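First the proteins, then the strands, lettered A, B, ... as listed; each starts at 1. Quick caveat: nothing in here was measured; it's all calculated off a predicted structure.
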Amino acid sequence: MTGTPVPSSFRDPAGFVFRKDGALYRQVNACFETEWSAIRSSGLLSEWADAGLMVAHQEVSLEFAANEDAVAVLKPRTIPFISYPYEWAFSQLREAALLTLDLMVQAVRRGFWLRDASAYNVQFDQGRPLLIDTLSLAPYKEGSPWPAYGQFCRQFLAPLALMSRVDLRLGLLLRDHLDGVPLDLASKLLPLSTRFGTGLGVHLHLHARSTRSESPHPGPVKVSKQALLGMVSGLASTVRSLRAPADKTTWKDYYDHTNYSREAFESKKALVAQFLGDRRRALIWDLGANTGIFSEIAAEVADLVVALDLDPQAVETAWQRGRAEGRTNVLPLLMDFTNPSPSLGWAHQERESLVARGPADTVLALALVHHLAIGNNVPLPRVFDWLASLAKEVIVEFVPKEDSQVQRMLCTRQDVFPHYTKEGFELAASRRFVIAEQTPITDSVRTLYRLETR
Amino acid sequence: MISYLDFGKVLGYVDGGSGSMMLQAALAGAFAAAYGLKGVLGRVIGMLRKGPKTHA
């Protein structure tokens, strides 16, 4: 074996993804040669890549193969930041679901189908979902039921239904259930009203019930192509009927109820732009991005801004606004910094932690540190240790105890934070960073810092 | 037409496959009919919007 297999790519005998000399490759194995030959000659992959539905790849020489089992080696375009379904907003998961179904319909009409329907096969790139698993495509087996039906319902339909009909936060169930939310669990959690009708009633509740009576001796099961297309079409209608609930949350409406004056808010925006300067960066992470106002400023000097926030409604708003405004280089994602995405899956290696997906070139931590230090009792030195692990440059805001937001946090609890002062903040920062710039935010008691690691 | 309550029994008659496979097989007729109906409706709506095709 030459090259290093990507830890999440081991389940499919048809091939795997590996890294070699810093580049990413996908090997197609001999057992999939016939299928691969049919796929290649169909022209479907290049059509999808040209239409922005699938990651583009070029086929390279077998000299690049990881082992002697290769019949083809592909070099896919690299996605700049890998995100996971449990980090997506409702609309991101919904778009990924509809992409999967759209590709399935297109494939079936051309004599192929998707042999799996994992949400992890979709990534967001340039503001839209993209199928990244080239080997998901395979020749259609006439008369066979769709083997990925259960997986689609667990990975897409169940979490979408729960987020839409119960609570957006239930999307996080995907973090515990990497193969998707068990249908019996989803069925128990969903309201009674969802049991009736041909959408969720069939694809989720009845489906959950049918999985309880599985037989160890499968007999002949026949599903015509028309029935298959009808089922996929029904799934698409069901997914389209699901909408993100328009809840009011603290964070989504943060800027409407903030203590900033208009002047202070404009000053902060100008200072962030000034601290970022003109230097182009590949990747900026905006921690506590809320609905992404400051991510948009950062996007002026970055190929990609990953806008992370703990409020699913704020992430949803950020995604929908970016979509409406045609912004392609801001990727809003759900992330709780007191419990960020860990390494998950087999041997803790299938899904990477947030930190493992870094470092970023620059991190923004605006109006965040007081939530970590006072809201969650994280000592300031630990906050800066963590920030130093994420990027070499950090633009961070200090919100002192005199600020009304911090006053609000302290009014219901004992102030056990004697070191939470401007001096304490600078001292803690200085252990890991050099303070390159600092400027007070006009018409507020807050200060903005630009830090560079030592 | 299969009612929700009858469905468990229907599944019992289908010998084999996982629950997902059996569900697809059991509802294949309904899925196919729905798809056919959708196609017919689509064509009718398309014709009403554009008017009938009068020449090649």
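In this structure, T211(A) OG1 and M21(B) CE are separated by 13.0 Å, a value rounded to the nearest 0.5 Å. Atom CG in L23(B) sits 11.5 Å away from atom CZ in R209(A) (nearest 0.5 Å). The distance from the NE2 atom of H203(A) to the CD atom of Q24(B) is 9.5 Å, given to the nearest 0.5 Å. Atoms CZ and OG1, from F31(B) and T198(A) in turn, are 9.0 Å apart once rounded to the nearest 0.5 Å.
Closest approach of A28(B) and A227(A) over heavy atoms only: O-CB, 3.2 Å. The two residues Q226(A) and A32(B) make their nearest non-hydrogen contact at NE2-O, 3.0 Å.
The salt bridge (charged side-chain N to carboxylate O under 4.0 Å, His left out) analysis of residues 168-184 of chain A, with sequence neighbours excluded, yields the pairs R154(A)-D179(A), D167(A)-R169(A).
When heavy atoms are compared at a cutoff of 4.5 Å, V202(A) approaches chain B by way of both its backbone and its side chain.
Contacts with chain B (heavy atom to heavy atom, under 4.5 Å) involve these residues of residues 142-150 of chain A, listed by number: P145(A), W146(A), P147(A), Y149(A), G150(A). At a heavy-atom cut-off of under 4.5 Å, chain B is reached by R109(A) from residues 93-124 of chain A, listed in order of number.
In this structure, the ring-ring contact (aromatic ring centres under 6.0 Å, His included) partners of Y84(A), at least two apart in sequence or on a different chain, are Y86(A).
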